[in-house]
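Take a look at the structure below.
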Protein chains: 2
Amino acid sequence: MAYQPFTEQTVVDHVRALGLIEEGGIAQCEEIGDGNLNLVFRIRQGEQRLIVKQALPYAKVVGESWPLTLERAWIEQLALRQFAEVVPRFVPNVLGSDRTLAYTILEDLSDYEIVRTGYLEGKTYPELARHVGEFLGETLFATSDYAAGPIEKKRKEREYYNPELCDITEKLIFTDPYKDAESNNIEAALRPDVERLWHDKALKVEVAKLKVGFVTKHDALLHGDLHTGSIFATTQETKIIDPEFAFYGPFGFDVGQIIAHLTLATFHDPLKRFERFTDVLTVWETFEKTFRHNFTNAVEPFDTEGYVDDLLQTIFADTVGYAGCELIRRAIGLAGVADLETLPETTRLERKRDALALGTALIKERHEVDSIDDLVTLLSGVRV
Amino acid sequence: MAYQPFTEQTVVDHVRALGLIEEGGIAQCEEIGDGNLNLVFRIRQGEQRLIVKQALPYAKVVGESWPLTLERAWIEQLALRQFAEVVPRFVPNVLGSDRTLAYTILEDLSDYEIVRTGYLEGKTYPELARHVGEFLGETLFATSDYAAGPIEKKRKEREYYNPELCDITEKLIFTDPYKDAESNNIEAALRPDVERLWHDKALKVEVAKLKVGFVTKHDALLHGDLHTGSIFATTQETKIIDPEFAFYGPFGFDVGQIIAHLTLATFHDPLKRFERFTDVLTVWETFEKTFRHNFTNAVEPFDTEGYVDDLLQTIFADTVGYAGCELIRRAIGLAGVADLETLPETTRLERKRDALALGTALIKERHEVDSIDDLVTLLSGVRV
């Protein structure tokens with residue numbers, strides 16, 4: 001069957017034909033996506049509920065539209081199934097998928113909230129940070145050479161051939177914000193700050209290194225886009241969604257991204273600073289503890305006392321650097337975040353300047369930040 | 001046509017059917033391989049000469065035999081064709097190849113000598129070091145993200161899926177020499193030295209880092225086995241052969257390997273020390289100059305003054321470390337080298353001890369060796 005976008009009618013017929021909802025009932029179907037990248041259908045019939053997410057063959061951002069591979073739907077369901085092998089409780093169940101039609105059928109998570117939206121409403125998810133740290137410590141370890149061994153890891157890595165989506169990340173995070181690129185979204189009042197950044201040669205060398213690390217270090221399967229909009233949560237449960245950017249990259253990238261977004265949440269809601277920075281601490285500490293624990297069963301490299309300490313030091317420096325890149329690009333790059341964009345102008349500009357300054361510091365000083373406590377001190381701006 | 005090994009008769013029929021030698025003539029054919037990994041047929045008819053190299057489905061080393069993927073023949077011809085796109089004068093012409101029959105048809109290089117054999121006979125190849133440096137500077141750059149851009153690079157990298165041969169390298173270079181593995185080939189008199197090495201925890205952590213770099217840093221297409229037995233030369237010309245271990249790995253690996261083998265040549269023939277260490281200098285300097293020159297046209301990352309200096313510093317430290325690993329494994333690992341093995345016992349043991357000591361120093365001190373001059377000083381044992 002050739003690709004075509006579903007309608008609310010055809011998608012119901014399709015899932016019924018697959019036996020996922022019963023014959024003869026009356027199904028309700030609603031398209032709930034934002035229409036920029038994917039169609040998202042919620043289908044209900046009696047007690048049965050499910051989501052069909054179908055990729056569109058283009059991306060729309062800020063009014064522009066460009067073609068985008070449908071293969072990302074296949075990558076997404078591959079990654080979700082891989083994560084489910086390791087930590088089933090942290091991902092939605094995948095009930096079906098089709099490579100040509102570019103859809104994934106998922107457990108409906110209507111009882112959950114998107115964390116970014118929840119944060120904007122002042123909500124709190126007390127288990128979130130621990131769950132995310134555990135998700136990262138488990139999945140990053142399990143898909144690395146340390147757990148899979150080099151042959152199995154290479155076999156798996158091969159399935160995540162995702163050059164187009166990697167290219168988007170490379171451009172939007174590591175390239176465009178550091179030059180006068182059309183894709184940038186720079187508020188006029190910020191122009192002087194941004195031009196200073198563009199003239200900071202030392203910063204640009206460090207960003208180049210982080211970019212090359214992103215492109216060449218194939219440590220483990222990354223989610224690739226782990227911000228607070230990619231996490232569904234309740235007060236008890238956490239589900240990581242939308243890994244269409246999944247690929248084999250450096251351990252520190254996902255960890256850095258989520259830390260940046262927890263920080264951006266404090267920019268929107270300073271009263272929650274203590275909570276969010278405690279979350280940062282918890283994410284890292286849980287990640288580190290989980291990874292270390294798993295490493296006691298590492299198959300690669302040979303048994304080498306002390307190696308894991310060096311490795312975690314490298315991961316931590318990368319984490320700090322990638323968090324810095326994410327802060328900068330969310331202030332001036334193509335894809336803004338509601339945490340900043342919904343602030344009133346004066347505050348918004350201040351916080352974007354903070355994001356640039358903090359991002360720059362994290363990138364340049366990532367090898368001097370010695371511990372997660374140091375990082376939290378830097379993030380919270382309390383330099384004692 | 002299903003795989004089967006050629007005979008001297010069937011291979012002639014096959015190349016004749018391909019039109020590579022004329023109908024009706026009388027061809028001479030001789031199998032000249034060592035029979036451990038591949039069949040190598042030299043076919044002559046009148047002025048026409050060619051080589052057919054066919055992979056065998058097993059490897060024989062030290063009397064043992066284990067199955068080995070025929071895919072390595074496909075990887076080898078892919079790599080030779082890739083290198084030929086960049087530096088045609090440094091590789092033999094590929095005249096044909098077949099994935100199922102696992103053969104490559106090559107230009108006959110009977111006028112050339114294998115460099116290791118030539119060195120053992122006291123010969124000199126005055127252009128070799130410059131050519132190898134240029135080969136490395138051109139091919140490593142051309143296949144990296146810096147030249148190919150990330151999308152094209154990922155597409156190419158995908159073709160070099162070579163897990164079995166990578167696994168051999170990983171085991172024989174980075175794992176087995178550092179523990180009491182069956183594959184090792186340790187002379188009884190060296191046992192105390194080797195046990196000291198096995199108890200050197202700091203060394204083992206550094207080897208683990210180099211191993212993980214080998215496995216996870218996908219910088220560029222490597223030859224993967226660049227020793228003096230993989231190079232054909234005359235006094236004027238140089239041809240790199242046998243890239244069956246080709247894969248995307250760290251820039252410094254091939255450079256380090258060839259430097260180790262130039263050093264091993266001095267262990268066999270100390271009178272040529274000055275020549276060989278000058279070659280080491282020339283290999284690095286030519287590599288660096290070529291790479292830097294190419295980098296002025298880099299597409300990735302964004303224009304970043306000073307970045308290439310940092311990059312070359314990293315490549316250099318890796319080079320030093322990988323040279324150290326190669327020295328150690330050639331002294332005690334599965335695959336010995338004639339440079340050492342043909343020495344009389346007393347000298348051989350001394351030189352193997354030198355290889356262990358020098359290898360250890362290179363691995364541990366690779367971040368302190370500041371320049372190629374420092375490296376040559378270390379290699380030549382003249383610590384001033």
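Labels below follow one simple rule: chain letters A, B, ... track the order of the sequence lines, proteins then strands, and each chain is numbered from 1.
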Original post:
Does B/K364 come within less than 4.0 Å of B/D200, counting only side-chain N to carboxylate O?
Top reply: yes
Subject >> For chain B, the option from A/P163, A/G306, A/P250 that forms the most heavy-atom pairs under 4.5 Å >> reply: A/P163
Original post:
Thinking salt bridges, do B/E159 and B/K156 make one under a 4.0 Å N-O criterion?
Top reply: no
Original post:
So what's closer than 4.5 Å to chain B heavy atoms on A/E157: side chain, backbone, both or neither?
Top reply: side chain
Original post:
Among B/F247, B/Y248, B/F251, which residue meets the ring pair (Phe, Tyr, Trp, His ring centres under 6.0 Å) test with B/F214?
Top reply: B/F247
Original post:
Given that the side chain runs from C-beta out, which part of A/K153 has a heavy atom under 4.5 Å from chain B: side chain, backbone, both or neither?
Top reply: side chain
Subject >> Portion of A/K211 that has a non-hydrogen atom of chain B nearer than 4.5 angstrom >> reply: side chain
Subject >> Side-chain donor or acceptor of A/W74 paired with backbone N/O of A/Y160 under 3.5 Å >> reply: no
Original post:
Among A/R158, A/K201, A/K209, A/E164, which has the most heavy-atom pairs under 4.5 Å with chain B?
Top reply: A/R158
**OP:** Quick one: which of A/E206, A/K179, A/K217, A/E170 has the most heavy-atom pairs under 4.5 Å with chain B, could you say?
**Re:** A/E170
**OP:** May I ask you to name which of A/V212, A/L311, A/T314 has the most heavy-atom pairs under 4.5 Å with chain B?
**Re:** A/V212
Original post:
Hey, is the main chain of B/L210 close enough, under 3.5 Å, to the side chain of B/Y322 for a donor-acceptor pair?
Top reply: yes
